[in-house]
Amino acid sequence: MVWTPEWFGVDRDVLRRVLSVLAERGADHGEIFLQHARTTRVVMEDGILGRAEVRVDHGAGLRAVVGDRVGYAFTEDLSERSLTDAARTAASIAQGGVRHGPVALVDGRPQGDRYRLQRGWGEVAVRERIDLVHRVEALARDLDPRVQQVQASLIDVDERVVIASIDGRVTLDDRPMARLGVQITAVSEGRVRTGSSNLAGRRGLDWFDEGRLQQVAKEAVERTVVQFDAVQPRSGEWPVILAAGASGILLHEAVGHGMEADFARRDETIYSSMIGRRVAPPFVTIVDDGTQAGERGSIEVDDEGTEGQHTVLVREGVLETFLHDRVSAAHYGLRSTGSGRRESYRHPPMPRMRSTYMASGPNTAEEIVRSVKYGILAETFANGQVQIGAGDYTFFVRGGWLVEDGRVTAPIRDVNIIGNGPETLERVTMVGDDLRLDTGGWTCGKDGQRVAVSQGMPTVLVSRLTVGGA
Amino acid sequence: MTEEQGLTIALEAAKAAGASDAYVDVARTREVTLRRRQGRIETSSEATTRSLSVRVWVDGRYGAAATTDLRPEGLPDFVRHLVALTRELEPDPDRRIADPALYPAGPGPELDAADPAVAALDPATREAMLADAASALDADPEVLSASAEIRTADGLLLVASTNGLATRWQGTRVTVSAQATVRDSGDRRSEDHAWATCRHLEDLPRLAALGEEAARRAKERVGSQQGRTRRATMVVEPRAAGTLLRWLVAGAEGSALHQGRSFWLGRLDEPVVSDVLSLTDDPWLPRGLRSRVHDDEGMASGPRAVIEGGALRSPWLDTTYARKLGTSPTNGTPSNLVVRPGERGLDAIVGSVEDGVLVTDWVGGNVSESTGDFSVGLRGFALRGGVRGGPVGEMNASGNLLALFRSLVEVGDEPFRWSPMLSPALVFEDAQLSGC
């Protein structure tokens, strides 16, 4: 459905007048970010689809930027009076300058195909959501007699944004998101184990076909029942093989956050003065990408109205660029990489990752496993964290395998792995030819703001990392 | 539209649409944030946010919705849509509105949650407070990057239900923090921060001390080394203790117990942790960060011993999961968690450790909800022969959470004040550490 800014009940003259107030004290740039997001969640538990929750986030965030300084205000009341008050509050960061607002507004609507859906979530009936959750629940329940409880849920977001900049550009975007999750409790000989899987993307109902439902149900059950036999590996420093897919969490923590230009601009990251330097072997290329169709981290435009881009962070081992929003780009005299993202209208944008992955390399997964005498193969992950300045990062392995004498042997579970970003990059000794993007629903937290991201990886060997095992 | 009007419109719309019961709350919060970096204000943000949430029970079915779009003309439709959506779900006999007999009988104890002085802070005072907090940092040539932030919230929450609940809560909160980054070897930087958060302005510490602490901590971390893999004593600073307690109690609530996602399953009232640990849920702490008269179902709150004598005595149970578990509800979620303090201060404790680490922060990490097996990154200081040694990092601690808390031998004398997890230092013997 084609819609215009007036859909928010804010007409163009109001936008223009409010932008003028935002600019009047001399802001370099700034914008009004109008957002309406309807999130629907249906949950099935105990065999009953007995819970549904709807949330509407409706509001406007107004920002005025002067150099590195940001004035911000938001309001949920989109009347001209309230928007003007917010504009005045945000504009007060600027002092003394004069700038005129836009004379005319020019609408733009990205024409890409990064959000893949035949029907928007606003057109999907509750009954269709319920049928989908029922189906995946039944599939999971029947897969293994040890399955005792299944919780299945579907969350979808139907979101519209308008980004109206002081320079007169108005960008409209429809942003769908969906996540189907399955949580399993299994019991065997009195022992209880839990596990989960989920499928997420900027996708519609149609994407969740029978094959994908079977896949997510199977993954959830397998990840749970394998734990009956899983052990924690030994504590210490070991070679770590990162399985293709969700292992991209290593890049997210070890490299991605440290490459966000707000940290670099403030001289807070270990990568602050490493642009142009060799940081990894030549077979390592790391990308942060907003352009892939259907991925959770993909964006047609970022939350400042800049086009989502394919940004090479490390090209053949050499650090190439930070991730920029407009504030950091202006600081460095560069163009934004389309990385200015925000959780909602309640927050100003800042440089964030989109979909972070390593390009495929020269080795096969089999070669990589064969090369390890004793180590672990990390496959599924829960979370991670990084200390920007020291570069020390962690990621938590939910499941994986022990590798002994070049062969995958026993299942492992629940270990934290810790390393240092630049050191880890140097220790990447083999990269597989099997890049895979993970379809799990990753969410990244920074400075109190959560945004949807994706990650991916080919099979990779890191020669040494600290494993917090038994 | 006032908040009261929103409440009334939503309740009436729910009833008119056929809901047998409804629970509505309306929140309004004014939030102001000011951040100073390198001697000047870098970010200023200010807003008043409002939201309304509705839960409905319709023919034995349950649905919930929340919105920030409070235009009165749209609200009745919003609620009608919720009721219609709820009719399409399946009935769950255990999902019910809370028993009104469990609602607070009167206004409850005086929680002293609101300080008019917080709401009244003017921009000049905020800037002056930040200058104080940053004073030690701005003057320090070793500091590469320094920032200080003040964040205030002034909130109102109104609650009403079709079965007789009607409450009004007001609270304020002020948080001041300072962060420092200093140069370490090579490209490494050492960073740390300090913060205070409380409900009343007068409870804030001397603000300059926050900047001093951030700078001191960042500098003390320079030259951090990886410690050895071994079993040793682990002393956890008060500010880091909350993470372990949060993991310990995460499974001590109704839905986790019912879904089998809890290592407490089958262990209620059994002595499985050290009796040194005494943990109380105390919603009546004056000025407490999570103090409250009722929980978010309306059930009256009161102090409860959660872990006592080494056993979990009283899990958190809301109406739905108490019914599913065949027992009585308590409160659905934790309030302030208070660990009973011990006798000795951190210095005295450190003085008696032969070989160990002092943990100042956790890095990442997680716990298995069904087994309690955990593994977590840490940074802190080496402890040797009763003396605090150099900084350590890139290390993990791991094991089983219940086993770890069985090895709790001592609790410090002073809790961390700026958190709803009021824990002093925790001392664990024979913890598994991994490094080089």
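Chain letters run A, B, ... following the sequence lines, proteins first, then strands; residues in each count from 1.
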Between [atom1] of [X] and [atom2] of [Y], what distance do you get to the nearest 0.5 Å?
X        : Y        : atom1 : atom2 : result
B/Thr33  : A/Tyr72  : OG1   : OH    : 12.0 Å
B/Asn366 : A/Phe381 : CG    : CZ    : 13.5 Å
A/Asp267 : B/Leu144 : CG    : CG    : 5.0 Å
B/Gln432 : A/Arg234 : CD    : CZ    : 11.5 Å
B/Asn396 : A/Ile418 : CG    : CD1   : 5.0 Å
B/Asp69  : A/Asp57  : CG    : CG    : 10.5 Å

Do other residues, nucleotides or ligands put more than 12 heavy atoms under 6.0 Å from [X] [atom1]?
X        : atom1 : value
A/Arg146 : CZ    : yes
B/Arg151 : CZ    : no
B/His81  : NE2   : no

Side chain, backbone, both or neither of B/Gln179 within contact of chain A (heavy atoms, under 4.5 Å)
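It is the side chain, since no backbone atom gets that close.
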Atom group of B/Glu88 that falls short of 4.5 Å from chain A, counting heavy atoms
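B/Glu88 touches chain A through backbone and side-chain heavy atoms alike.
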4.5 Å side-chain heavy-atom contact, [X] and [Y]:
X        : Y        : answer
B/Leu89  : A/Ile130 : yes
A/Glu76  : B/Ser51  : no
A/Ile93  : B/Ile41  : yes
A/His134 : B/Glu90  : yes
B/Glu42  : A/Arg266 : yes
A/Arg277 : B/Asp187 : yes
A/Val192 : B/Leu265 : yes
B/Glu31  : A/Phe74  : yes

Determine, for [X] against [Y], whether the closest basic-nitrogen to carboxylate-oxygen distance falls under 4.0 angstrom.
X        : Y        : answer
A/Asp447 : B/Arg35  : yes
A/Glu45  : B/Arg261 : no
B/Arg188 : A/Asp392 : yes

Any donor-acceptor pair under 3.5 Å linking the side-chain atoms of B/Gln226 with those of A/Thr466?
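Yes, side-chain donor-acceptor contact under 3.5 Å.
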Any donor-acceptor N/O pair, [X] side chain to [Y] backbone, under 3.5 Å:
X        : Y        : value
B/Ser398 : A/Gly469 : yes
B/Thr68  : A/His58  : yes
A/Asn383 : B/Gly365 : yes
B/Ser375 : A/Gly468 : yes
A/Glu237 : B/Thr229 : no
A/Thr185 : B/Gln259 : yes

If you look only at pairs with a residue in residues 359-372 of chain B, which of them pass as a salt bridge (charged side-chain N to carboxylate O under 4.0 Å, His left out), with sequence neighbours excluded?
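As it turns out, the salt bridge (charged side-chain N to carboxylate O under 4.0 Å, His left out) pairs with a partner in residues 359-372 of chain B, which skip direct neighbours, are B/Arg239-B/Asp361, B/Asp361-B/Arg379.
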Under 4.5 Å from any heavy atom of chain B, what part of [X] do you find: side chain, backbone, both or neither?
X        : answer
A/Asp77  : neither
A/Thr269 : backbone
A/Arg63  : neither
A/Gln232 : side chain
A/Tyr345 : side chain

Candidate pair B/Thr43 and A/Arg69, rule side-chain contact (heavy atoms from CB on, under 4.5 Å), full reasoning
CA-CA 6 Å; B/Thr43 312; A/Arg69 312 175 72 207; over 6 Å; no
Under a 4.5 Å cutoff for heavy-atom pairs, which residue among B/Glu46, B/Glu191, B/Glu394 has the most contacts with chain A?
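Looking at each option in turn, the highest pair count goes to B/Glu394.
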Step-by-step side-chain contact (heavy atoms from CB on, under 4.5 Å) determination, B/Arg95 to A/Arg51:
CA-CA 9 Å; B/Arg95 292 199 184 274; A/Arg51 182 147 58 107; 3.5 Å; yes
